[in-house]
Amino acid sequence: MHELAPVSPFVALAYLIAGVLFILALRGLSSPATSRRGNRMGMIGMAIAVVTTLYTHDIASLPEIIGAILIGGGIGFVIARRIAMTAMPQLVAAFHSLVGLAAVLVGAAAYLNPGAFGILDMLTGQIHQASRVEMGLGVAIGAITFSGSIIAFLKLNGNMSGKPIMLPARHLVNLGTLAAILGLVTYFVTDQSPWVFWTVTALSFVIGFLLIIPIGGADMPVVVSMLNSYSGWAAAAMGFTLGNSAMIITGALVGSSGAILSYIMCKAMNRSFISVIAGGFGAESGGASGGAAAMDRPYKRGSAEDAAFLMSQADSVIVVPGYGMAVSQAQHALREMGDMLKKAGVSVKYAIHPVAGRMPGHMNVLLAEANVPYDEVFELEDINGEFGQADVAFVIGANDVTNPAAKTDKTSPIYGMPILDVANAKSVLFVKRSMGGAGYAGVDNEVFYMDNTMMLLADAKKMVEEIVKSLD
Amino acid sequence: MDFISILSIFVLACFVGYYVVWSVTPALHTPLMAVTNAISSVIIVGALVASAEAGSTAAKYLGLLAVVFASVNIFGGFAVTERMLAMYKKKERK
């Protein structure tokens with residue numbers, strides 16, 4: 001179908017090797033021990049893909065291309081070196097937006113100069129019809145990835161409120177826009193006029209924006225994963241247009257990766273993918289659902305000294321970190337606390353809920369950054385049974401993921417979500433900024449008012465530092 | 001390549017992706033996202049074609065711009081993944 005100039009088998013082979021190296025890069029991530037070798041393979045694969053492309057085209061502008069790579073590469077490298085680990089979710093969102101934008105630009109370039117991409121039908125002088133569909137879809141997905149990721153970035157970076165923004169009749173508008181995009185891509189097959197192409201592009205930018213603004217902060221792990229998936233499908237669609245196996249393999253890998261991560265995140269919140277996309281979760285925060293009584297219920301408040309004493313007397317402590325730990329950058333102080341407890345003979349473990357933080361695996365990276373060995377860090381299903389034997393559960397900056405209402409209260413918005421059973425521990429230490437603010441879901445947490453719970457009301461980092469001092 | 005060969009590669013790669021990603025340990029999900037970000041910038045291949053070939057000045061500059069964006073991602077994505085992975089350490093044996 002594609003009347004490309006006959007591709008040398010060696011070139012096709014080179015792209016295939018690049019694709020295989022990308023598969024091995026992801027395969028390496030099955031264990032921290034093999035992960036770095038995997039990452040190197042990814043780099044080699046990328047180098048092979050780039051060099052092969054440059055080698056097989058008559059390059060009229062090599063200095064400009066090298067310049068572009070150096071500028072982009074330099075910026076990327078500096079950002080990668082300087083970024084704080086707590087800011088990873090925003091960084092990943094920003095990177096997604098660049099993949100989307102690059103896809104749109106490549107699509108536009110292919111539309112303007114189809115001859116260069118070998119997608120021109122020599123008989124009619126027009127672009128192949130199949131290529132038009134691939135190109136249209138690629139540009140549409142790319143544009144959605146771009147504008148959606150920009151909104152996700154602004155929300156994660158705090159430039160925009162994490163509260164969902166609900167436009168009137170948004171479902172109708174969104175479905176209408178999506179239908180228009182699909183309709184125009186179909187129409188593009190019969191008529192390749194510029195207005196069709198640019199309208200598809202423009203509408204896709206708009207829909208990406210509209211799709212993400214109603215989604216609240218708590219659902220950001222799903223959104224980031226979903227946009228990750230989109231960026232892969234955009235690359236795959238462009239790979240179809242170019243008939244390039246490296247792009248297709250990579251696109252399929254990244255697309256499935258993002259889709260699986262979205263699925264894991266949805267499951268960890270007991271939400272359906274559709275309800276996340278529909279948005280609005282957390283809009284009525286602090287409202288009707290049991291939050292009202294929060295102010296006047298009795299609870300026990302403790303000091304850093306009390307907490308230090310309790311933990312130094314314990315045999316085992318399980319630490320439950322959440323997004324609040326990331327916000328106050330408490331991970332280093334937390335590791336220091338863990339070290340001192342271990343020196344005193346206390347067993348210390350860390351329990352991570354899949355949706356703790358704002359992106360999948362966020363807490364693991366922060367703990368790794370603070371030099372917590374990864375074999376002390378456990379996933380929900382591996383450690384949940386151990387709370388019953390633990391002397392202390394130390395909850396820091398997490399809330400909804402420990403809320404027993406998810407098991408008991410059918411009317412609760414988080415009902416059915418798997419939780420960490422901190423309430424089963426002999427005592428619970430709950431570090432929280434104040435009693436006022438509930439979690440993202442806006443639900444009160446029974447754990448606060450239990451007899452064996454001691455609330456440590458302070459900034460997470462300050463509290464942990466004081467505990468460290470008292471342990472000394 | 002004809003459409004069916006390309007489609008075959010795509011479908012099989014989706015299956016490979018499915019099994020490979022499920023085997024990734026949850027502790028490394030953030031590096032997974034960073035590295036998938038870097039490799040999806042293989043779209044730079046298309047950008048290079050656009051900026052290398054003669055025929056349309058507009059396409060060339062769009063291509064060059066795409067090369068810049070994709071390079072930010074490639075270098076940034078791999079570098080930040082490398083930085084994160086270097087942090088994961090096992091307990092020191094005593």
Side-chain angles (χ1 to χ4, degrees), chain A residues 1 22 26-27 29-30 32 35-36 39 43 49 53 57 59-60 65 68-69 71-73 75-77 79-80 92 95 98-99 101-102 105-106 108-109 112-113 115-116 228 231-232 235 238 242-243 245-250 252-254 256-257 260 360-361 364-365 368-369 373-375 379, chain B residues 1-3 6 9-10 13-14 16-18 20-21 23-24 26-30 32-33 35-37 39-43 45-48 50-56 58-59 62-76 78-82 84-85 87-91:
Chain A
M1 194 180 288
F22 291 150
L26 299 198
R27 180 75 189 122
L29 291 173
S30 56
S35 58
R36 295 182 79 182
N39 198 36
M43 294 181 199
T53 313
H57 286 82
I59 300 161
I65 290 177
I69 294 179
I71 293 172
I75 297 172
F77 197 73
I79 295 174
V92 166
F95 279 170
L98 292 181
V99 179
L101 193 54
L105 293 173
V106 171
L112 294 172
N113 191 10
N228 184 12
S231 70
M238 284 299 149
L242 272 69
S245 58
M247 279 168 85
I248 292 172
I249 294 174
T250 315
L253 287 179
V254 179
S256 3
S257 166
I260 290 173
N364 302 78
V365 172
E369 184 197 16
Y374 62 78
D375 36 8
E379 304 301 319
Chain B
M1 277 191 282
D2 61 284
F3 182 72
I6 295 182
I9 295 177
F10 177 70
C14 285
V16 171
Y18 179 85
V20 168
V21 172
S23 77
V24 171
L28 293 176
H29 276 163
T30 297
L32 171 68
M33 288 196 129
V35 82
T36 50
N37 224 312
I39 65 173
S40 60
S41 300
V42 72
I43 203 158
V45 166
L48 289 171
S51 39
E53 296 274 332
S56 159
L62 289 178
L64 281 174
L65 200 56
V67 170
V68 174
F69 293 142
S71 305
V72 172
N73 243 336
I74 292 172
F75 285 79
F78 281 124
V80 87
T81 310
E82 190 71 18
M84 280 191 275
L85 294 177
M87 292 170 181
Y88 284 80
K89 291 189 189 79
K90 252 194 148 115
K91 214 179 312 190

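Each chain gets a letter, A, B and so on, in the order the sequences are listed, and its residues count up from 1.
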## Note on the structure
Closest non-hydrogen atoms of B:A13 and A:L253, given as atom of the first, atom of the second and distance, are O-CD2, 4.3 Å

### Task
Determine the option with the most heavy-atom pairs under 4.5 angstrom with chain B, choosing from A:L26, A:T250, A:N39, A:I65.
A:N39

#### Entry: Contact winner vs chain A - B:N73, B:L48, B:V68, heavy-atom pairs under 4.5 Å
B:N73

### Task
Determine the minimum heavy-atom distance between A:G361 and B:T30, stating which atoms define it.
C-OG1, 3.0 Å

### Task
Return the minimal non-hydrogen interatomic distance between B:Y18 and A:I260, and the atom names on each side.
O-CD1, 3.6 Å

### Message
Donor-acceptor check, side chain of B:T36 to backbone of A:V254, threshold 3.5 angstrom: yes or no?
### Response
no

#### Entry: Sub-4.5 Å side-chain heavy-atom contact between A:P32 and B:L28
yes

### Task
With rounding to the nearest 0.5 Å, note down the distance linking CZ in B:F10 to CE in A:M247.
12.5 Å

#### Entry: Most contacts with chain A, counted as non-hydrogen pairs under 4.5 angstrom, among B:A58, B:A27, B:S51, B:A66
B:A27

## Note on the structure
Residues A:A68 and B:V67: closest non-hydrogen pair is CB-CG1, 3.7 Å

### Inter-residue atom distance B:K89.NZ - A:Y374.OH, 0.5 Å rounding
11.0 Å

### Task
Output the option from A:I71, A:I75, A:I249, A:L98 having the highest count of non-hydrogen pairs under 4.5 Å with chain B.
A:L98

## Note on the structure
If one checks every heavy atom of A:E379 against chain B at 4.5 Å, the contacting part turns out to be side chain

#### Entry: Side-chain heavy atoms of B:N37 within contact of A:N228, under 4.5 Å
no

### Query
By side-chain contact (heavy atoms from CB on, under 4.5 Å), which residues pair with A:R27, not counting sequence neighbours?
A:S30, B:V20, B:S23

### Task
Taking all heavy atoms of A:S231 and all of B:S40, pick out the closest pair and write down the distance.
OG-OG, 4.0 Å

### Query
Which region of B:L64, side chain (C-beta onward) or backbone (N, CA, C, O), has a non-hydrogen atom less than 4.5 Å from a non-hydrogen atom of chain A, or is it both or neither?
both

### Message
If you compare all heavy atoms of B:S41 against all heavy atoms of A:V99, which two are closest, and at what distance to 0.1 Å?
### Response
OG-CG2, 3.9 Å

#### Entry: For B:V80, all residues meeting side-chain contact (heavy atoms from CB on, under 4.5 Å), sequence neighbours excluded
A:A80, A:I83, A:M88, A:L91, B:A34, B:M84

### Query
So do A:L29 and B:L85 actually touch side chain to side chain, heavy atoms under 4.5 Å?
yes

### Task
Check whether any side-chain heavy atom of A:I248 sits under 4.5 Å from a side-chain heavy atom of B:I6, and report yes or no.
yes

#### Entry: Structural part of B:V42 lying under 4.5 Å from a heavy atom of chain A
both

### Task
May I ask you to name which of A:I79, A:I69, A:L101, A:V92 has the most heavy-atom pairs under 4.5 Å with chain B?
A:I69

